[in-house]
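Take a look at the structure set out below.
Proteins come first, then strands; the chains are lettered A, B, ... in the order of their sequence lines, and each starts at number 1. All values reported here derive from a predicted model rather than from experimental measurement.
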Amino acid sequence: MLKLLRKSVPPTKAIAEVVSSDTDCHVVRLAGEWNIRASLLNVGSVLDRLLAQPQTTLVVFETSGLQSYDSSLVAYLMRLYVACTEKGIKFERESLPSGVNKLLELALSRPQKVAEEHAVEIVTVFHRVGIWGESAAKSWMKAVDFIGQTVLAFWNLLRGKARTRLSECWIFIQSVGVDALPIISLISFLTGLILAYVGAVQMKQFGATVYVAGLVALAMVREMGVLMASIILCGRTATAFAAQLGSMQASEEIAAFRVLGISPVEYLVLPRMIAMVLMLPILTLYSNFCGIMGGLVVVTSMDVTIEQYYNMTIRSVNIPNFSSGLIKSFFFAILISWAGCFRGMACGKSAQAVGDATTSAAVLGITLVVIADAVFAVLFDAINFF
Amino acid sequence: MTADATPHLEVRHLTMAYGSNVIMNDLSFGIKRGDVFVIMGGSGCGKSTLMRHLIGLQEPASGEIFFNGDNFSTATQDRRTEMLQHFGVMYQSGALWTSLTLAENVALPLKEFSPLSAKEIDAIARYKLALVGLAGYEGYYPSEISGGMVKRASIARAMALDPEVLFLDEPSAGLDPITSRLLDDLILQLRDSLGTTTVIVTHELASIFAVADNAVFLDVATRTLGAIGNPNELRDHSENPRVRQFLNRLANPNP
């Protein structure tokens, strides 16, 4: 019986050739070393020759020159076998070495699923628009559905009937709030600093550098503080929520909650949203403070004292200014955590899908925040809230 | 066959630990070339951990592993990568690449490590999938097939390059009895035709008695090797009562 030789014999190529042909019977010689890690160059032509002669009815193998083989030979023979069977050519399996025959047998004895051809789709412009429209409508429906579930979950929470783990909130407060402090410090401080330089260029011309304090304070408190904090949380927290829930979705952990009769929205989404709603206003305050500090550094380098800066800041920020940022932060927190959780819960079941979910969570979060900010700008103007 | 005396894989005084938590102490055994070798033991005794040590995913706390007489544990990264080319591994949860179809999953090792043409690679991938009963599923993605099929596709991928040593982590868990039986036949046939050494982590008794030439029993009570030998003999004649209990499916060690 032939055995696989693993020791180094000078390599001879794998050979498969038709050695003798009667009108109806072909003898195929298999020889050499068949190695899956080496090239199989000259084995392609046998099939063509067999099929070229329509009267062929039998294929026999001559294998005395076969030195070693592995799956490459069996795979080759299987291809040949399938082609021969289709043409009604008898394939003399018994003339193969018994090991090869058995391996071939194993593959052929398994139930063959008829490969279903995916119907060729005719893609026209209308078709594309239709597909796009359908998927857009579906994703809107999903979003609306999830909004409904979230509202219901909050309603249950207020009634004290929600199954949730509020102790979980502390963990999220840590990751949403405390852990974000260093990056928020840096970004907000630099934002304040940049605003101060932009203002200083103009104000200097009038010798009114001290007014930069008011400009920085107002910009930070009304807009930049809450925007910077929100965008940072979109980047680091909404994506984290989407990835956590997305991989839970992929591994059916979410299905396990559902089957237990526990609403995953109540159990998983509520603590995350609550933590975000609690932390974003605090982070906004902190961001405001850091921005004003950034302005201070610039202005004090331009012959303004700390005391002047302090007085100017206090004078220019009134209660409506101060609270408008905080009011927005509350709403933005809902939008950001909702975007993250929504994308996570709607995630598919592959590594690719989890990646897509995190990406779209960040994109959706930032988009919603900026749109909402514009809405607030118009709204506050309409009710003269400044 | 190259019937030399050096074991294909050898473990010498291996201690496995997660940090200070020792899983198994002082394991020593050899796996002969062409053996179907089963690693058995109760749940949580470290069977999969032992396999992860054998394929280099985890480093021994102490002790060494030899492949073909070469020290695997102290080998340089390049040398180790070379050795790993002779291994085929099927992971417990399948670990198929979800963004690739089944045929692409099996073809990926071939594309990277063999000079075959795309057509030949395709033929081999089809053949390997047919071997595990997945002919016709070449174009499916892992998310579109059942858990048992994922398992079988993972075995096909492990066999892609005709490895010298095939590692299977719980191959028959979750398979129906018929498929499980066909898998046993496949393992024996690969050994007979290609001389493949197979290392199987399992606690499916029927499968153990059907395929195993040799087996080790990891004893969770003493945290070391409980027994080594042919499972049919161990069942009746092992000196370790826990080994007999395990192989006879008894509720108590001393009936």
Next item on the list: Heavy atoms only, distances under 4.5 angstrom: which of B:Leu190, B:Leu186, B:Leu161 has the most pairs with chain A? Name it, please.
Entry: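 Going by pairs under 4.5 Å, I would pick B:Leu161.
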Spacing of [atom1] belonging to [X] relative to [atom2] belonging to [Y], to within rounding of 0.5 Å:
X	Y	atom1	atom2	answer
B:Tyr127	A:Leu77	OH	CG	9.5 Å
B:Asp162	A:Ser72	CG	OG	7.0 Å
A:Leu73	B:Ser193	CG	OG	11.0 Å
A:Asp70	B:Ile124	CG	CD1	7.5 Å
A:Ser71	B:Lys128	OG	NZ	2.5 Å

Next item on the list: Keeping to residues at least two apart or across chains, list the salt bridge (charged side-chain N to carboxylate O under 4.0 Å, His left out) pairs with something in residues 242-253 of chain A.
Entry: A:Glu252-A:Lys349
Checklist line | Where at least one partner belongs to residues 173-187 of chain B, residue pairs that pass salt bridge (charged side-chain N to carboxylate O under 4.0 Å, His left out), sequence neighbours excluded | finding: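 Listed once each, the pairs are B:Arg181-B:Asp185.
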Item checked: Region of B:Ala160 in contact with chain A, defined by heavy-atom distances below 4.5 Å -> backbone
Next item on the list: Measure B:Leu110 against the heavy atoms of chain A and call it side chain, backbone, both or neither at under 4.5 Å.
Entry: side chain
Item checked: Nearest non-hydrogen partners of A:Met78 and B:Ala130, listed with the distance -> CE-CB, 3.8 Å
Evaluate the side-chain proximity of [Y] to [X]: yes if any heavy-atom separation is below 4.5 Å, no if none is.
X	Y	result
B:Lys119	A:Arg79	yes
A:Gln352	B:Thr98	no
B:Leu131	A:Val74	no

Item checked: Options A:Leu103, A:Val82, A:Leu104, A:Val100, ranked by heavy-atom pairs under 4.5 Å with chain B, top entry -> A:Leu103
